[in-house]
Undergrad: 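Just dropping this structure here.
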There are 2 protein chains.
Amino acid sequence: MVATSELLDAFGAAGYRLTGPRRALAEVIASREDHFTAEELLAESGRRRLGLGRATVFRALDTLTELGVVERLDLPTGEHAFVTCEPTHHHHVVCSSCGRSTPISDDGVADLAAKVEASTGYRVDTHRLEVFGLCPQCSPES
Amino acid sequence: MVATSELLDAFGAAGYRLTGPRRALAEVIASREDHFTAEELLAESGRRRLGLGRATVFRALDTLTELGVVERLDLPTGEHAFVTCEPTHHHHVVCSSCGRSTPISDDGVADLAAKVEASTGYRVDTHRLEVFGLCPQCSPES
DNA sequence: ATTTTTGCAAACCTTTTGCATGGAA
DNA sequence: TTCCATGCAAAAGGTTTGCAAAAAT
């Protein structure tokens, strides 16, 4: 969950132009609070008559991913989805029922990386953690 | 890294038939010590004149994944790859230079899952950790 | 004016499916 | 002999690309 302006600022700060399609897309993304696929954004943009081209959506997602305001997830089903995120958080729990996602701090994971270095001898430089489960709203006893 | 027979046993134990193509594929997989994609197995099977069909490779990988002797990875590049693994280990460090992979015990990760439950209220049921780095052989100072 | 960005459509790549044939049990 | 597994080729997804037109700086 991120404001439209944060997405636009990310484009601006990195020297990308603030075009109509990018503004439109930023709004579509900001209006979602769970994860989304490129195809979903495309469909939504069609519904709202924003007329975004497929290529534009993919290119923008790519850019936003590089800028760190969006992150690509690989769901257990193999689908590629995206979530918006603060540049400092690096992981998410995603609800397997409603798709909502919540950031997790990287602390524990960093420790883990250190352990891995110690036990395997690898020089770790990237990691990706994806946690799936039921969010409080979707839990049976809530 | 896994023996051909382990792969075959997995098929057998689960009630799948031990067919020629499955034997052939098991050997191709066993001969690889790093991760591999479906396409690579296909290419290798072509080179060895094993004549495996594309569908067969995908179906077999799917089955082996369900049986837990193979695991699907999503590399940072977005590629889908597979590694063989013992059914009890659930994570890997993979070398970004040579592709070799080493299993990591799940211990620390399980703790992490508990922390996540506590801090977010999610009921965690699956997680996926992928760690990337340089293996000892590919490290600059080795 | 210059350079980036867009949309379109086609190309691409990977994975899946339908179905008749072949092979295991 | 029965049912599972295979191969083929086509279909289906999802993502990328080339290029001329449009928009931002």
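Convention: sequence-line order gives letters A, B, ...; per-chain numbering from 1. Please read these numbers as outputs of a predicted model, since none were measured by experiment.
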Undergrad: What is the separation between atom CZ on A/R22 and atom P on D/dT25, rounded to the nearest whole Å?
TA: 10 Å
Undergrad: Figure out the CG/C1' separation between B/L61 and C/dT14, and round it to whole Å.
TA: 13 Å
Undergrad: Just how far, in rounded Å, is P of C/dA9 from CG of A/L42?
TA: 13 Å
Undergrad: Any chance you could list the contact pattern along nucleotides 13-23 of chain D? Use B for base contacts, S for sugar-phosphate-only contacts and - for none, protein heavy atoms under 4.0 Å, 5' to 3'.
TA: --BBBB----B
Undergrad: Salt-bridged, A/E27 to A/R23, with N to O below 4.0 Å?
TA: no
Undergrad: Is there a donor-acceptor pair closer than 3.5 Å between any side-chain N or O of B/T120 and the backbone N or O of B/V116?
TA: yes
Undergrad: If I take atom CG in residue B/D74 and atom P in nucleotide C/dT14, what distance separates them, rounded to the nearest angstrom?
TA: 14 Å
Undergrad: When you measure from the side chain of B/R22 to the backbone N and O of B/R17, does any donor-acceptor pair fall under 3.5 Å?
TA: yes
Undergrad: From CZ of A/F11 over to P of D/dA24, roughly how many Å is that when rounded to an integer?
TA: 14 Å
Undergrad: Side chain of B/E40, backbone of B/T37: donor and acceptor closer than 3.5 Å?
TA: yes
Undergrad: Only one of A/V83, A/L7, A/V70, A/L64 clears side-chain contact (heavy atoms from CB on, under 4.5 Å) with A/V2; which?
TA: A/L7
Undergrad: Give the rounded distance in Å between these two atoms: CG of A/L25 and C1' of C/dT5.
TA: 13 Å
Undergrad: If the threshold is 4.0 Å, N to carboxylate O, is there a salt bridge linking A/R72 and A/D74?
TA: no
Undergrad: What is the distance, to the nearest angstrom, from the CG atom on B/L50 to the P atom on D/dT6?
TA: 14 Å
